[in-house]
Protein chains: 2
Amino acid sequence: MVAKLKHYIDITDAEHKLLGALEKTERSTSAGEEIFAGGDVNKNLFVVKYGWLYTYTNLPDGGRLVVRVYHAGDIIGMPALAFDHHTVNLRAVTKGCLCPFPKSELDVIVKRAPRITALLFTIAAREEAILVDTLRAASRMRPESRVAHLLLGLHARLKITNSQMGNRFRLPLNQTDIGDAIGLTNVTVSRTFSIMEKKGLIERVDGEIILIDLCELERQCDFQDRHAAMDTSWFPSS
Amino acid sequence: MVAKLKHYIDITDAEHKLLGALEKTERSTSAGEEIFAGGDVNKNLFVVKYGWLYTYTNLPDGGRLVVRVYHAGDIIGMPALAFDHHTVNLRAVTKGCLCPFPKSELDVIVKRAPRITALLFTIAAREEAILVDTLRAASRMRPESRVAHLLLGLHARLKITNSQMGNRFRLPLNQTDIGDAIGLTNVTVSRTFSIMEKKGLIERVDGEIILIDLCELERQCDFQDRHAAMDTSWFPSS
DNA sequence: CGTATGATTGAGCCTACTCAACTATTGTGG
DNA sequence: CCACAATAGTTGAGTAGGCTCAATCATACG
């Protein structure tokens, strides 16, 4: 996580030490494992060391909504900071490793490291902007644009921690998961992928996705990369 | 705003003074006025003194998505904290009054008032949880549940600052606005309201909404009140 | 090699959309 | 105060796109 935060601001030794405390505990996850469920008592946040995970909620009609996909360097559980119970479920997609830390450790950061606090605040704000983008795409766009938005979002996210990645990446989600993330059935996801491949927008090779026509993909879902830059101009001095 | 924050934690005189600084500038708004547009340079956040407003974005196909409705005591612009440009548009629904304050004033709070910082952080986290609820309802539920969710959300929000309100409130949004907020057309909103009225779930009198069968409304959209309580247990001492 | 999971494809249906006409309400200027 | 315009809401008819159901094909794994 420190590596990811360094991307945005310089971090002093003292700050580094405070952040290190958040990653002192480790917990490995196996593919498909349920880490916590909505309604569980919520004392911890999690930093992702590696692996893919997602949060989801069940819908009253039996459906399922995949809220957000997480990768190495992400912090899981910010929205739940406001409540003493979890609001969503967390599931590991692949093998991975998490660092749980109690909410209460944040108080030290808030008290002693105003720059880190501001940065975390900003990251939370960005999460909200990303969620609005998701709402835009998943509730109001045609299937092709929804898929495009999901793929571009994952790609932009993965590029931060893996800059020489190119336009190709492994996608460990099945089509039902994808459908639950963008509000389609697995059937429609399948048909949509086929159409996009036929159009020359993407390719699928060995369970990896290749984004062939990035420009057209970005155009059709009005994509904004929320990861590239953040406004740190208002931050206090350290 | 101070009145609203007091709801959750005690506020010392020093903290009160810092917060007061955020509300020293005022700006009145007229009904239908556009306050800012997505892409505008973003230096200010806004505290709502009174009036109704909403943020929205335009969709690539010409549609519109109403993201969030704001009332007295709300802070507008948290998600934009992460960027130097606005990510959405803001429009006033009714006459009202806003207190704009520069982002840079937050740095003083982050440095000097850790409890207030923690509280603002928590409010941002709650906004995210609310947005997930919106995503759930607006992208995946039947029209009736979507309307129910919107009405209950507004009602829960208005109750905080107006505790003896009962189950009746004025709704200054037209059916096109409502549709844009929950992913329906004005036509479907009209039909849905009629059905819900016929079923005895709600009533409409003089442009006001009366929630007749609260339990059934809550049941059918799986409603959670995110405003009632917040977890402040992890906050630092002041 | 057999089983389980995941992906593809086809047929038919259903729901919210579009288009359009009409009614109701609100606001404004003469 | 009335006439007119503009905005908002209602209702009907027909359409279309994504869903459901179901069968088949592909791949991975023990």
Side-chain angles (χ1 to χ4, degrees), chain A residues 30-33 52 59 61-66 91 93-95 137-151 170-199 202-209 220, chain B residues 30-33 52 59 61-66 91-95 137-151 170-198 202-209 220:
Chain A
S30 54
E33 187 183 350
W52 285 54
L59 298 163
D61 68 357
R64 195 179 63 133
L65 171 69
V66 168
R91 173 180 293 169
V93 179
T94 65
K95 268 191 216 178
S139 79
R140 309 291 292 275
M141 292 185 189
R142 354 196 58 255
E144 219 177 296
S145 304
R146 296 188 194 190
V147 170
H149 189 267
L150 181 76
L151 295 178
R170 169 156 290 278
L171 179 60
L173 302 170
N174 65 36
Q175 293 185 349
T176 302
D177 293 336
I178 294 172
D180 289 342
I182 58 182
L184 299 172
T185 59
N186 59 338
V187 176
T188 307
V189 171
S190 172
R191 288 194 231 269
T192 307
F193 267 123
S194 301
I195 292 169
M196 292 174 81
E197 213 165 14
K198 207 166 288 169
K199 280 191 183 174
I202 60 167
E203 257 177 53
R204 288 176 291 177
V205 186
D206 304 333
E208 300 204 334
I209 295 283
Q220 75 168 240
Chain B
S30 54
E33 186 183 350
W52 285 53
L59 298 162
D61 68 358
R64 196 179 62 133
L65 170 71
V66 169
R91 173 179 295 168
V93 179
T94 65
K95 269 191 214 176
S139 78
R140 309 290 291 278
M141 291 185 190
R142 353 195 63 257
E144 219 178 294
S145 304
R146 296 187 193 190
V147 170
H149 189 267
L150 180 77
L151 295 178
R170 167 155 291 277
L171 178 60
L173 302 169
N174 65 36
Q175 294 186 348
T176 302
D177 293 336
I178 293 171
D180 289 343
I182 58 181
L184 300 172
T185 58
N186 59 338
V187 176
T188 306
V189 171
S190 173
R191 288 194 230 267
T192 306
F193 266 123
S194 301
I195 292 169
M196 291 174 81
E197 213 165 13
K198 206 166 291 170
I202 59 167
E203 257 177 55
R204 290 176 290 177
V205 186
D206 303 333
E208 300 202 334
I209 296 283
Q220 76 168 238

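Residue numbers begin at 1 in each chain, while the letters A, B, ... track the order of the sequences. Every heavy atom of this structure was used, including side-chain atoms; hydrogens, water molecules and symmetry mates were not.
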Using atom types as modelled and distance alone, determine if a side-chain donor or acceptor of R91(B) lies under 3.5 Å from a backbone N or O of E33(B). no
For T185(A), all residues meeting side-chain contact (heavy atoms from CB on, under 4.5 Å), sequence neighbours excluded: V187(A), T188(A)
Results of salt bridge (Lys or Arg N to Asp or Glu O under 4.0 Å) for K199(A) - residues two or more places apart only: E144(A)
Under the salt bridge (Lys or Arg N to Asp or Glu O under 4.0 Å) test, which residues partner E203(B), sequence neighbours left out? none
Its 5'-most and 3'-most nucleotides having an atom under 4.0 Å from a non-hydrogen atom of chain B, DNA chain D is contacted over dA8(D) to dA13(D)
Among residues at least two apart in sequence or on other chains, which ones pass side-chain contact (heavy atoms from CB on, under 4.5 Å) with S194(B)? R204(B)
Close residues, residues 177-192 of chain B, relative to DNA chain D [heavy-atom separation under 4.0 Å]: V187(B), S190(B), R191(B)
Through what angle, rounded to 10 degrees, does the axis of the helix from dC1(C)-dG30(D) to dG30(C)-dC1(D) turn between its ends, using five pairs per end? 40°
According to side-chain contact (heavy atoms from CB on, under 4.5 Å), who are the partners of R142(A), at least two apart in sequence or on a separate chain? S145(A)
Taking R140(B) for its side chain and D180(A) for its backbone only, find out whether a donor-acceptor pair lies under 3.5 Å. yes
Mark yes or no for whether T192(B), through its side chain, and P143(B), through its backbone, hold a donor-acceptor pair below 3.5 Å. no
Qualifying residues under salt bridge (Lys or Arg N to Asp or Glu O under 4.0 Å), relative to R191(A), sequence neighbours excluded: none
Should the pair R170(A)-D206(A) be classified as a salt bridge under the 4.0 Å nitrogen-to-oxygen rule? no
Chain B footprint on DNA chain C, 5' to 3' - any atom under 4.0 Å from a heavy atom: dA16(C) to dC19(C)
Using a heavy-atom distance cut-off of less than 4.0 Å, which residues of residues 140-148 of chain A contact DNA chain C? none
